[in-house]
Amino acid sequence: MSKNKDKSKKPKKIRPEVLKGFRDYPPSDEIARQKMVAVFRSVFESFGFSPLQTPSLEKIETLKGADYGADNLATIFSFVGPEKVDMALRFELTASLARYVAGNGELTLPFRRYQIGPVWRVDKPGPGRFREFTQFDIDSVGTESMLADAEIMAAISKSFDKLGIENYKIKYSNRKILNGLAKMIGIPDDKAPDVFRVIDKLDKQGIEAVKLELGPGRTDKSGDKIPGLGLDENHITHIVNFLSLEVDPEKNALQFISSVVARKMSDDPDRSASFELFSALNSSEDGREELKSGYDELIEINNYLKNLGVPDEKAQIDLTIVRGLGYYTGPVFETILTDLPDYGSVFAGGRYDGLVERFTGKKIPAVGASAGVDRLLAALIKMGKIKADPTVSQVLVTVMDKEQTSEYISILNEIRDAGIKAEIFLGQTKSFTKQMKYADRVGIPVAVILGSDEIENKTVTIKNLIAGGEQAKDVADREEWLKAENIQVTISRSEMITNLKTLLSKIENL
RNA sequence: GCCGGGGUAGCUCAGCUUGGUUAGAGCGCCUGAUUGUGGAUCAGGAGGCCGGCGGUUCAAUUCCGCCCCUCGGUACCA
């Protein structure tokens, strides 16, 4: 009863909760993330991409196009602004890039930029999926050259190398190939994007699921019904036949396509698997042209990649790659981590020619790629490629005697000026034990200790907390542990900086 | 959107089936043993709108309904 009384007197507390689908990034996450981003930044800059930053909020037409409808807006955070302007948080970075290019007519093309920033979507949060997340984009706008596409792929490859990831693969293809095939077997134009969307699931769901979704639909593991596209049996067989040429996708499928382009069935190494498909490919000359163009581009990119020094095992042609998005028009590619196939594609993109046209009416060709920073980081941490330090602080200057504060500060200044990240203990307690505990908990690896002894003798004591922590494992008795310390040295002040630097570099390399 | 698990202390969870005294445990946290040294140990302590609203009841953390949130699967992903 008395408890209840107390409660009613208390002011209502605010629950410290974040919004659904949002989250905090504690220092350890953010430190790791910044390390990773620094690598991408430096590689892309070495390729001559410059940073661009655009607003988080845009006019809604910028993001959705002029004909935005109510159901289209379901997954975008939209508002009516103070001046009654419809606006929304960006859900990706490309639309803003297109707006930027279109709105700056004096911009010299090709324009090549990278951009990193948060984007927002009103999705249902799922595993590794949030309403606010960070994307990393690179794009080259205003160039038709396939070298632009190859360069983006090469930059991705370089970045992954530099991050120490050995097992990744950039798989690439060209939309025009499947587009052409679709035309040639008579799939209506308006169905083609849906077909691609389904084919895109091949990796995750397998050929049988794709087959069913092209046709009558299927029921997934949870018992939910997934509607199919309702293509007729004939079309499905042709598509599946083509996708099944993937035994050695680079060779068989490519040769098959070149034989289609040349209209010579005899060039096809796998007649039995593709004869049926081949014989169906007679209906559309348009389709054949598109197929040929896609094939040529693919080969061109393949050559450029060789020139750029991307090894074959890192970048491979895979004709089953289509990408789900509708706006891709030519080359498409995605990067997977072969050790972590569950993470899906972690850096992907392709050529899109229509995005700037929305604003200017002029077609400006562009190619770009986008990475989900958070997912990639999760993968890196899982693979042990990035260390998640709990703090950036490297040195704690402990406070033994408040009377000596100015002395401590001058030591602190000296350490900081030497480029070492350092802090002085700012807590309330006088207990020295607490200060060591603080350093330990926060994860500061080194303590600099100055008591009356040190000050009198113009020395400092430097303690390696990492090594101390290791030693604690073997010692059960407190007295023994305290005495066993050969993990700290007392040296003259003039030697302090050199000593700290060697110690810290030793700790870094652990 | 659909299917399923869950929401009780800072964290991980027990209790709920069968409503009823003071809602527990482990870990963590705070204080001290130990004001010049982190771990371990020991002693003491703080910390709960039992997710929210409504219903049934003399009585609800417990039963019922709705909602919210969360986790996993699936769909969507411009």
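Lettering follows sequence order; numbering is per chain, from 1.
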inquiry  = Work out how far the P atom of G44(B) is from that of A25(B), and round it to whole angstrom.
reply    = 14 Å
key: Separation of atom CD in Gln435(A) from atom C1' in G36(B), rounded to whole Å   = 10 Å
inquiry  = Work out how far the P atom of C66(B) is from that of A9(B), and round it to whole angstrom.
reply    = 25 Å
task = Report which part of the nucleic acid Asp401(A) touches: base, sugar-phosphate, or nothing (heavy-atom distance under 4.0 Å, all strands).
result = nothing
task = Look at the aromatic rings of Phe136(A) and Phe347(A) and report parallel, tilted or perpendicular, splitting at 30° and 60°.
result = tilted
ask   = Nearest 0.5 Å, what's the CG-CD distance between Asp137(A) and Glu92(A)?
value = 7.5 Å
request  = Please work out if Thr94(A) contacts a base, only the sugar-phosphate, or nothing of the nucleic acid, heavy-atom cut-off 4.0 Å.
outcome  = nothing
query = In whole angstroms, how far is the P atom of C71(B) from the CG atom of Asp123(A)?
reply = 14 Å
message = Output the rounded distance in Å from CG (Asp440(A)) to P (G38(B)).
response = 9 Å
request  = Could you walk me through whether Arg99(A) and Glu61(A) pass the salt bridge (charged side-chain N to carboxylate O under 4.0 Å, His left out) test, one step at a time?
outcome  = CA-CA 10 Å; Arg99(A) 191 223 74 225; Glu61(A) 306 96 281; over 6 Å; no
ask   = With a 4.0 Å cut-off on heavy atoms, is Arg129(A) in touch with a base, just the backbone sugar-phosphate, or nothing at all?
value = base
key: Whole-Å C1' distance, G47(B) and C11(B)   = 13 Å
query = Using a 3.5 Å cut-off on both pairing distances, which stems of three or more Watson-Crick or G-U pairs include RNA chain B?
reply = B:1-7 with B:68-74, B:10-13 with B:24-27, B:29-33 with B:41-45, B:51-55 with B:63-67
ask   = OP1 or OP2 of G39(B) sitting under 4.0 Å from any side-chain N/O of Arg441(A)?
value = yes
key: Protein-nucleotide distance (Phe425(A), atom CZ; G36(B), atom P), rounded to Å   = 14 Å
task = Assign Gly354(A) to base, sugar-phosphate, or nothing according to its heavy-atom contacts below 4.0 angstrom with the strands shown.
result = nothing
query = Does NZ or CZ of Arg351(A) come closer than 6.0 Å to the centre of the six-membered ring of Tyr328(A), within 45° of the ring's axis?
reply = no
key: Carboxylate-amine/guanidinium proximity below 4.0 Å for Glu414(A) and Arg493(A)   = yes
ask   = From C77(B), G36(B), U31(B), pick the nucleotide closest to the side chain of Arg121(A)?
value = C77(B)
ask   = With a cut-off of 6.0 Å (strictly less than), are more than 12 heavy atoms of other residues, nucleotides or ligands near CD of Glu132(A)?
value = yes
task = Taking atom P in both G26(B) and G45(B), compute the distance separating them and give it to the nearest angstrom.
result = 14 Å
note = RNA chain B nearest-nucleotide lookup for Val18(A) and Val198(A): closer to the 5′ end is Val18(A)
ask   = Just to confirm, is there a sub-4.0 Å distance from OP1 or OP2 of G38(B) to any side-chain nitrogen or oxygen of Thr433(A)?
value = yes
ask   = What distance, rounded to whole Å, do you find between the two P atoms, one in U70(B) and one in C30(B)?
value = 30 Å
task = Respond yes when some side-chain nitrogen or oxygen of Lys437(A) is under 4.0 Å from OP1 or OP2 of C29(B), and no when none is.
result = no
inquiry  = Under 4.0 Å, counting only non-hydrogen atoms across every strand here, what does Tyr327(A) touch: a base, just sugar-phosphate, or nothing?
reply    = sugar-phosphate
task = In whole angstrom, give the distance that lies between atom CD1 of Ile455(A) and atom P of G36(B).
result = 13 Å
task = When you get a sec, tell me which of C77(B), U70(B), G38(B) is the closest nucleotide to the side chain of Pro125(A)?
result = U70(B)
ask   = With a 4.5 Å limit on heavy-atom distance, are the side chains of Leu63(A) and Ile76(A) in contact?
value = yes
ask   = For atom P, what is the distance between U61(B) and C49(B), given to the nearest Å?
value = 13 Å
task = Take atom CG of Asp374(A) and atom P of C77(B), then tell me their distance rounded to the nearest Å.
result = 21 Å
message = With a cut-off of less than 4.0 Å, is there a side-chain N or O of Lys20(A) near OP1 or OP2 of C69(B)?
response = yes
ask   = With rounding to whole Å, what would you report as the distance between G65(B) and C76(B) at their P atoms?
value = 32 Å
inquiry  = Using OP1 and OP2 only, check whether a side-chain N or O of Lys124(A) sits under 4.0 Å from A75(B).
reply    = no
request  = Run the numbers on Asp123(A) and Arg131(A) for salt bridge (charged side-chain N to carboxylate O under 4.0 Å, His left out), then give the verdict.
outcome  = CA-CA 6 Å; Asp123(A) 276 329; Arg131(A) 288 184 162 192; over 6 Å; no
query = How are the rings of Tyr114(A) and Phe44(A) set relative to one another: parallel (under 30°), tilted (30 to 60°) or perpendicular (over 60°)?
reply = tilted
key: Integer angstrom distance from the C1' of U74(B) to that of C27(B)   = 36 Å
task = Provide, to the nearest angstrom, the distance between the OH atom belonging to Tyr438(A) and the C1' atom belonging to U37(B).
result = 17 Å
request  = Specify the separation, in whole Å, of atom CG of Leu19(A) and atom P of G51(B).
outcome  = 21 Å
